[in-house]
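Structure, as structure tokens:
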Amino acid sequence: MKNKKLLVLALVLSALLFSCGKRLSKTYIDDQKGFMAVYDNENFKQALTLSDQFVLKVNKNNPQDTFIAILERGKVAIDSGSYEIAIDDLQKAEKRFLDIEGTISLSEETSSLFLDDTTAEYEAQPLEKIMISPYLALAYWAKGDFQGARVERNRTLVKVNQYIEDKGDETKYLENPFARYLSAIIYENESKFQDAQIEYKKIKTVAPGLAGMMDQELQRLKKRPKLNDLVVFVDLGKSPRKFEVSHKGSGRNSKGAGVVVSIVYAQYKSRPYAVKGCKVVVDGNEAGQTTSLYQLGKTILTEYEKNKGKLIAKLIARAALKTAAQVGGQAMMKSNNNTAKAAGLALAIFGAASAAVERADLRSWVTLPDQVQMQRSYGVAPGKHKVQLVYLDGSGNEIGRSAEQEVLVPEGQIGVSYFRVVR
Amino acid sequence: MFKKMRLVAMVLAVFMVMALISCGGRGTKVTSISAKDATVDANWSPEDIQKVRDHMLNSMRGSAVNSMKYKKAAWMLTKEMANDTDEHINTRVIMEKIRTKLINDGMGMFIDDQALDEILGQQAMQQSDLFDNTKAARVGKLVGAQLILRGRISNIRKKGARTDINFYNITLQLVGLETGRILWTDEIEIGRRADKSRFR
């Protein structure tokens, strides 16, 4: 009998050591720090190399985070100009997120209920799923595959329909002027001016601050213009990032027994950045200043607030379950039956330990910018052009310059240039 | 003694189960499948290519282009079927499958548009001093196309969290290069709905 109790205790302690060991070992967020430090310094090529190792490490240590890691690598790849890698990674991640969308893994739900949400596979938010397609469109276009860009434009609009338009006012906050503007210029490049007008009108409705700019585009399209334009997109700054909010403590239940109570959740915080706008220089001449097209950071914060209620309810249910396990276990320990005593001890230890090592789910797409800006030059001579950005701070002072990029504006078409500014 | 043996038997049973779980299911099992079996979601599949090919061929067989006048003419494929869908479909494959069937059924004589550059390059080389001109391929014998086969594929998709409804429309035309007249045209619609299970 004594041996049986010892065996049960040994098994429970082994299981606890294993799961708690995993809990206390390096997390997805820890593994991310290496390449993110290099990325924040805008050393995108090196960040891409480090992100390769990051994906391998994550796949080995935390396989439930593999596809969010691949998504990050895909974005780093676009930012470093490695379009083939970007397309491969973004499509891989997108496929997985869409495959698991709307489904439940019973094993993950169970482990998430007894441990925390970091044990479950990462499910991308609607905003993140929408953003994948315009980035793919940019990657295809930048590598010279306009047909691929057209397909991704179509995918963007299917997603806009699915996540935004079909759900009415409830999801209006997800409106994405960047996705729509990119779709509009792809339509223009196909001479589908009516479809482009539809997108500009929708931008005007959802982003009143851009109404003046959209009116100009609509006026221009009435004349079925000959295109020789250059559009520059700039991903500016750093999107808000999650941090852990923890309420952990010990108390006593009504019978005087000690319990560990834990409520741990993620909260978003904006990340500061210095560059607030850019001047665009084409072939050494100033072409204009960028306009903010999409306040992605604000949308992330809004999306979080909308989902917070459901998140807190889940946390409370989990805390209640763990507390009940401890209280139930302690009650079972008072039994005369030795097996029940041993099981009660195991349950109480498990409840307390899992509450103590609970972690908030800090995963999100962190290489996203805080805002997307753009600048358009009309009637540019067809051929190759050198484009450079002059970085401006909040007061409009010049604080740096980007490297030059060579962009091709084909005859009668639109040329597109993309920059990533993190600082 | 008996209790000790029961304990040992229990532990051994646990280890055997764990060993069977970890040892079982290794390696890769390979099974041949048909085009229909490859249709696992609402996206474009090999089965759809076959449906399009068969429909278009049947339509052409029953039309005026299935006559000696057109069988003697030189046909060519457009470079690509225009893709207006939200999928990266290799539309050249669809066109080539149709061309293969047309040639094998004796319905059309095709010029290989993709090989043209290679042919011209080879002919130019054979005309140079590097080659025995008496044995070189004669230039000026290339046949120009009189008919062009072109098409377009588009789709309408309605997607929910677990439902994917996809409707393809594929149109094909045979156009006379001299007059620009459409000598034959047809379309096919393929609809599919995929529902995901709630549990994965």
Side-chain angles (χ1 to χ4, degrees), chain A residues 1-8 10-11 14 87-88 91 94-110 120-121 123 126 129-130 133 136-137 140 145-167 183 186-187 190 192 195, chain B residues 1-15 17-18 21 40-44 78-95 150-169 192-200:
Chain A
M1 194 45 71
K2 203 177 173 185
N3 287 341
K4 239 193 218 173
K5 259 200 272 187
L6 282 171
L7 181 65
V8 166
L11 281 168
S14 310
I87 287 168
D88 192 45
Q91 286 179 337
E94 180 191 50
K95 183 175 187 318
R96 182 59 187 170
F97 295 143
L98 294 180
D99 277 348
I100 65 175
E101 185 180 55
T103 63
I104 294 172
S105 163
L106 283 176
S107 58
E108 283 181 7
E109 287 297 308
T110 310
E121 184 169 358
E123 291 187 30
K129 284 182 267 202
I130 293 171
S133 294
L136 276 167
Y140 272 108
D145 183 352
F146 184 68
Q147 298 312 315
R150 285 178 63 239
V151 170
E152 292 304 327
R153 183 274 318 278
N154 293 341
R155 290 180 74 80
T156 301
L157 295 176
V158 167
K159 285 179 185 174
V160 163
N161 216 47
Q162 179 190 351
Y163 297 118
I164 306 174
E165 293 183 340
D166 272 358
K167 296 194 163 109
S183 300
I186 293 175
Y187 275 129
E190 298 175 85
K192 290 182 176 174
D195 292 304
Chain B
M1 174 71 180
F2 181 65
K3 276 185 184 169
K4 234 188 203 171
M5 277 178 66
R6 245 176 58 179
L7 193 63
V8 169
M10 241 171 65
V11 169
L12 267 171
V14 166
F15 273 116
V17 165
M18 281 170 63
I21 288 169
V40 294
D41 54 26
N43 292 330
W44 188 251
T78 188
K79 202 170 173 188
E80 282 179 340
M81 186 187 254
N83 179 6
D84 285 341
T85 69
D86 61 353
E87 293 174 61
H88 295 280
I89 297 172
N90 185 346
T91 57
R92 180 76 192 182
V93 166
I94 304 170
M95 302 298 276
R150 54 197 297 274
R152 178 175 296 271
I153 177 170
S154 62
N155 77 330
I156 297 174
R157 190 188 293 270
K158 284 286 173 193
K159 217 171 171 312
R162 283 184 294 122
T163 310
D164 193 359
I165 297 169
N166 198 2
F167 220 85
Y168 296 102
N169 181 284
R192 197 144 59 234
R193 177 187 171 125
D195 292 292
K196 267 191 287 191
S197 159
R198 188 82 173 107
F199 300 102
R200 66 174 192 268

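The figures that follow rest on heavy atoms only: side chains count, while hydrogens, waters and symmetry mates do not. Quick note on labels: first sequence line is chain A, next is B, and so on, each numbered from 1.
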* **chain B contact via K167(A) - side chain, backbone, both or neither, heavy atoms under 4.5 Å** => neither
* **Between I89(B), N83(B), N155(B), the one whose heavy-atom pairs under 4.5 Å with chain A are most numerous** => N83(B)
* With a 4.5 angstrom heavy-atom cut-off, which part of K159(B) approaches chain A: side chain, backbone, both or neither? -> both
* To do: Return the set of residues passing ring-ring contact (aromatic ring centres under 6.0 Å, His included) with F146(A) (not counting sequence neighbours), or none when no residue passes.
  => W141(A)
* Asked: Taking every heavy-atom pair that is under 4.5 Å apart, which of G102(A), S133(A), S107(A) has the most such pairs with chain B?
  -> G102(A)
* To the nearest 0.5 Å, how far apart are CD in E101(A) and CZ in R200(B)? -> 11.0 Å
* Heavy-atom distances under 4.5 Å only: say whether E109(A) touches chain B with side chain, backbone, both or neither. => neither
* Can you tell me how far the CZ atom of R198(B) sits from the CD1 atom of I104(A), to the nearest 0.5 Å? -> 4.0 Å
* Go through the structure and list residues passing side-chain contact (heavy atoms from CB on, under 4.5 Å) with Q147(A), not counting sequence neighbours. => D145(A), R150(A), E80(B)
* Does atom CZ of R155(A) have more than 12 heavy-atom neighbours from other groups under 6.0 Å away? -> yes
* Spacing of K95(A) atom NZ and N43(B) atom CG [to the nearest 0.5 Å] -> 8.5 Å
* Asked: Is it the backbone or the side chain of Y140(A) that comes under 4.5 Å from a heavy atom of chain B, or both, or neither?
  -> side chain
* Structure fact -> In this structure, CG of N154(A) is separated from CZ of R157(B) (nearest 0.5 Å) by 10.5 Å
* To do: Return the minimal non-hydrogen interatomic distance between L98(A) and K196(B), and the atom names on each side.
  => O-NZ, 2.6 Å
* What part of L157(A) is in contact with chain B, defined as an atom under 4.5 angstrom from a non-hydrogen atom: side chain, backbone, both or neither? -> neither
* Using non-hydrogen atoms only, which part of D84(B) is less than 4.5 Å away from chain A: side chain, backbone, both, or neither? -> both
